[in-house]
Student: 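Supplied in structure tokens, the structure appears directly below.
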Amino acid sequence: MATAISATGFKVGLGSSFHGNWGSSVSGEDYPMLVKSVPNVRVAKPIKSAPMMKNVNEGKGLFAPLVVVTRQIIGKKRFNQLRGKAIALHSQVITEFCKSIGADAKQRQGLIRLAKKNGERLGFLA
């Protein structure tokens, strides 16, 4: 009796329904039938959405209600301009503070990041 050793190491008899090798089964006489049995389906490229930079603490924080009401009163465009000016002024204050105490650029950048995190927690970036 002819036996073969499979990938698992067990002896297996040749009694399987697969005869021949992989190349003859895919490219042989069964190929046209295989192609006809598979429907022609086109898959479109997935739409890639732009990453959203959303505040995790949106609507939370002590000052969040005040920020939301102010945005509704003066309008989103004007509010974002005002917010940008406030952030720029605050960054300048941090930079001047770092110059006065002799902190380097890396420490200054860390303080600005800390100010942003605190602003998010307090609700200024709601």
Side-chain angles (χ1 to χ4, degrees):
M1 177 176 175
T3 59
I5 298 177
S6 69
T8 59
F10 296 111
K11 289 186 177 182
V12 180
L14 292 178
S16 72
S17 62
F18 178 75
H19 298 290
N21 61 19
W22 175 254
S24 66
S25 67
V26 173
S27 63
E29 66 235 14
D30 296 337
Y31 183 74
M33 185 178 67
L34 180 65
V35 170
K36 289 178 184 176
S37 68
V38 177
N40 190 5
V41 178
R42 290 185 56 135
V43 178
K45 285 185 177 179
I47 298 172
K48 199 173 192 182
S49 62
M52 298 213 29
M53 306 268 299
K54 197 167 186 179
N55 185 3
V56 180
N57 298 319
E58 186 171 352
K60 299 177 184 173
L62 183 64
F63 296 101
L66 179 66
V67 170
V68 172
V69 169
T70 304
R71 183 187 314 132
Q72 290 174 349
I73 292 172
I74 66 172
K76 196 170 188 177
K77 183 178 179 181
R78 177 75 178 125
F79 178 78
N80 285 337
Q81 289 173 344
L82 186 65
R83 175 186 276 170
K85 288 179 183 178
I87 291 171
L89 285 172
H90 193 238
S91 294
Q92 286 176 359
V93 168
I94 292 172
T95 300
E96 290 300 320
F97 173 75
C98 288
K99 284 181 184 177
S100 69
I101 64 168
D104 63 351
K106 189 173 182 179
Q107 290 172 328
R108 182 183 129 271
Q109 188 175 11
L111 286 174
I112 291 174
R113 284 186 181 146
L114 179 63
K116 183 179 179 196
K117 285 181 185 177
N118 288 336
E120 287 174 354
R121 285 191 205 117
L122 289 172
F124 287 120
L125 301 178

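Please read these numbers as outputs of a predicted model, since none were measured by experiment.
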Student: Closer than 3.5 angstrom, by distance alone: can the side chain of R83 be matched with the main-chain N or O of F124 as a donor-acceptor pair?
Tutor: yes

Student: Which value, rounded to the nearest 0.5 Å, describes the distance between L111 atom CG and R108 atom CZ?
Tutor: 9.5 Å

Student: Working to the nearest 0.5 angstrom, can you tell me the gap between I94 CD1 and Q107 CD?
Tutor: 13.0 Å

Student: Could you go step by step and tell me if V67 and F79 meet the side-chain contact (heavy atoms from CB on, under 4.5 Å) rule?
Tutor: CA-CA 9 Å; V67 170; F79 178 78; 3.4 Å; yes

Student: Not counting sequence neighbours, which residues clear side-chain hydrogen bond (donor to acceptor under 3.5 Å, both in side chains) with N80? List them please.
Tutor: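 With neighbours one apart ignored, the set is empty.
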
Student: At what distance, to the nearest 0.5 angstrom, does NZ of K117 lie from CZ of R121?
Tutor: 7.0 Å

Student: Determine whether I112 and K116 satisfy the following criterion, side-chain contact (heavy atoms from CB on, under 4.5 Å), listing intermediate values before the conclusion.
Tutor: CA-CA 6 Å; I112 291 174; K116 183 179 179 196; 5.9 Å; no

Student: Identify every side-chain donor-acceptor pair in residues 84-93 under 3.5 Å, counting partners at least two apart or on other chains, and give the distances.
Tutor:
unit_1: S91; atom_1: OG; unit_2: I87; atom_2: O; d: 3.1

